[in-house]
Amino acid sequence: MSKKFDFQAIVKQFCLYGDLVSVAPYGNGHINDTFEMVFDQAGARMRYILQRINTNVFRDPVNLMENIRRVTSHLAAKSENSRQTLTLVPAVDGKSYVIDAEGNCFRTYLFIENAKSYDILETEKQAYEAARAFGRFQADLSDIPGGRLAETIKDFHNTPVRVQQLENAIKLDKCNRVKDVAAEIDFVLSRKPMTEKLVKLQADGVIPERITHNDTKLNNVMIDDATGSGICVIDLDTVMPGLAHYDFGDMVRTGTSPAPEDEVDLSKICMRFNMFEALLRGYCSEAGRVLNDVELENLPFAGALITLEIGTRFLTDYLEGDVYFKTHREGHNLDRCRSQFQLVRSIESQHDEMMKLLNNVKKELKK
Ligand code: ADP
Ligand code: GN1
Ligand code: MG
């Protein structure tokens, strides 16, 4: 990370005791800058997470932080301990964030110790537990008081809008890259009808708006080192009104393939059915009590849709010159796009088995 921040000045503005010993970049996120901070507090070592909010992506950090303050305090009231939800460290002026001299917006969380987030899930138990944590998160937020949460990014999961953004990028062809991606563009445009399905069901009042996480990448849940339980959902910037499918779909995208999101060997990418089953069962064990029949029936479809949507966003960013997602090599966004589309193919090819499983799970829920 090349950016230099005046960390000593920043941490002084948070209610943090003791001496800052070290600050180092942390995690694999594509959007914010995350740091691990170590403090010496009268001889005891304490870690904190410091994050700089990417304000090119999140244009209104004040309302975003108000969402997070409301969500974390609502969840804290339902939690058994401080490892089960993110805990904001307040600023000395009482706000939940600090703006530094350059206008960067920072927040600090207690560090959740003895737990990890996984980029690739290794076991069915991890998949079940992570999905259960996201299901519980959604169910727990169904009674948050204080009115509708702010939309931190408008149309974040509006798939037809994402396709429209791709079409705009194709028209502009800013970097003269359209000529190299005809097959990928065709992949999206030939699937246009499916991108409209959920927004239509919502507009018809068949599936309801809920408070959703919207970025349920499986590395956004902390798994307890000792018990293997999914203990805490993190990365709350996109918590806002949405559809249950956005959350379940992104879990399928990130939790079922044995290969990373940017894998270039497409033969390694597939939806492992056993992991899909673990995600479905884990998610429904908590969210099943609030979802209606049409929502449940569309869960298998959500995996293909959201994988197509995120692949489309990677493709758009490639055409626009890699301006949104952090990239670490030439063609990185295109590699990500291709791997996502391969995963879409794999999910689509398992449609019938997924529906069979879903019908069994539905029957079990009704018992
Ligand atoms: P991004 O939006 O960039 O993905 P995250 O909020 O997901 O940022 O944080 C990046 C990584 O930092 C996470 O995957 C997780 O491993 C770690 N992390 C975030 N918050 C905490 C926390 N409170 N305690 C421990 N680790 C954390
Ligand atoms: C971004 O912040 P991170 O890395 O968890 C992105 C998600 C994408 C994901 C793809 C705010 O998530 O929407 O699905 O990358 N977050 C935002 O890996 O755009
Ligand atoms: Mg994250």
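In listed order, ligands and their atoms are each counted from 1.
- When F14, F35, F39 are each tested for a ring-ring contact (aromatic ring centres under 6.0 Å, His included) with F7, only one passes: F35.
- For CZ of R329, the number of neighbouring non-hydrogen atoms (other residues, nucleotides, ligands) closer than 6.0 Å is greater than 12.
- Residue M222 has at least one heavy-atom neighbour below 4.0 Å for each of these atoms of ligand 1: 25 (C), 26 (N).
- Looking only at heavy atoms of the protein, atom 11 (C) of ligand 1 is closest to G27 CA, 3.9 Å.
- By the 4.0 Å N-to-carboxylate-O rule, R83 lies close enough to D224 to be salt-bridged with it.
- Of all atoms in ligand 1, listed by their number and element, those nearer than 4.0 Å to a heavy atom of G29 are 1 (P), 3 (O), 4 (O).
- Under 4.0 angstrom from ligand 1, the non-hydrogen atoms of N32 come from both its backbone and its side chain.
- Between F134 and F137, the ring planes are perpendicular. Angles over 60° get that label, and only those under 30° would be called parallel.
- Of the residues E261, E184, E263, the one that meets the salt bridge (Lys or Arg N to Asp or Glu O under 4.0 Å) test with R338 is E184.
- The pair E129-R132 meets the salt-bridge criterion, since a charged nitrogen lies less than 4.0 angstrom from a carboxylate oxygen.
- Contact annotation for K116 and ligand 1: no heavy atom of the residue comes within less than 4.0 Å of the ligand.
- Scanning the protein heavy atoms around atom 16 (O) of ligand 1, the nearest turns out to be S117 OG, 2.9 Å.
- The existence of a salt bridge linking E320 and K174 is excluded, since no basic side-chain nitrogen approaches an acidic carboxylate oxygen closer than 4.0 Å.
- Looking at D235 against ligand 1, both its backbone and its side chain come within 4.0 Å, counting heavy atoms.
- Taking every non-hydrogen atom of T34 and a distance limit under 4.0 Å, the qualifying atoms of ligand 1 come out as 8 (O), 9 (O), 10 (C), 12 (O).
- Looking at E102 and R52, no side-chain N of the basic residue comes within less than 4.0 Å of a carboxylate O on the acidic one, giving no salt bridge.
- For Y283 and Q138, the side-chain atoms include at least one donor-acceptor pair closer than 3.5 Å.
- The proximity of L86 to ligand 1, defined as any non-hydrogen pair under 4.0 Å, is limited to the side chain.
- With salt bridges taken as basic N to acidic carboxylate O contacts below 4.0 Å, none links K12 and D6.
- In the vicinity of N220, heavy-atom distances shorter than 4.0 Å reach the ligand 1 atoms 7 (O).
- Of the N or O atoms in N219, one or more lie within a sub-3.5 Å distance of an N or O in ligand 1.
- Of the protein's heavy atoms, Q51 NE2, 2.8 Å lies nearest to atom 6 (O) of ligand 1.
- Here D317 does not pair with R336 in a salt bridge; the nearest charged N to carboxylate O distance is not below 4.0 Å.
- For ligand 1, the atoms closer than 4.0 angstrom to any heavy atom of L110 are 22 (C), 23 (N).
- Counted by atom type alone, D119 and N28 present one or more donor-acceptor pairs between their side chains at under 3.5 Å.
- Ranking protein heavy atoms by distance to atom 13 (C) of ligand 1, first place goes to I234 CD1, 3.5 Å.
- At a heavy-atom cutoff of 4.0 Å, ligand 2 is surrounded by G29, H30, I31, F58, F156, D215, K217, N220, D235, T238, R253, E261, I310, R313, F314, Y324, F325.
- For atom 20 (N) of ligand 1, the choice among I112, L88, I49 with the nearest heavy atom turns out to be I49.
- Across the listed options F111, Y26, Y109, Y26 owns the non-hydrogen atom lying nearest to atom 17 (C) of ligand 1.
- Ionic pairing of D293 and K366 is present here: one or more N-O contacts between side-chain nitrogen and carboxylate oxygen are shorter than 4.0 angstrom.
- Checking H332 against D262 by side-chain atom types alone, a donor-acceptor pair falls below 3.5 Å.
- Between OD2 of D235 and OD1 of N220, the angle at the Mg ion (ligand 3) works out to 90°, rounded to 10 degrees.
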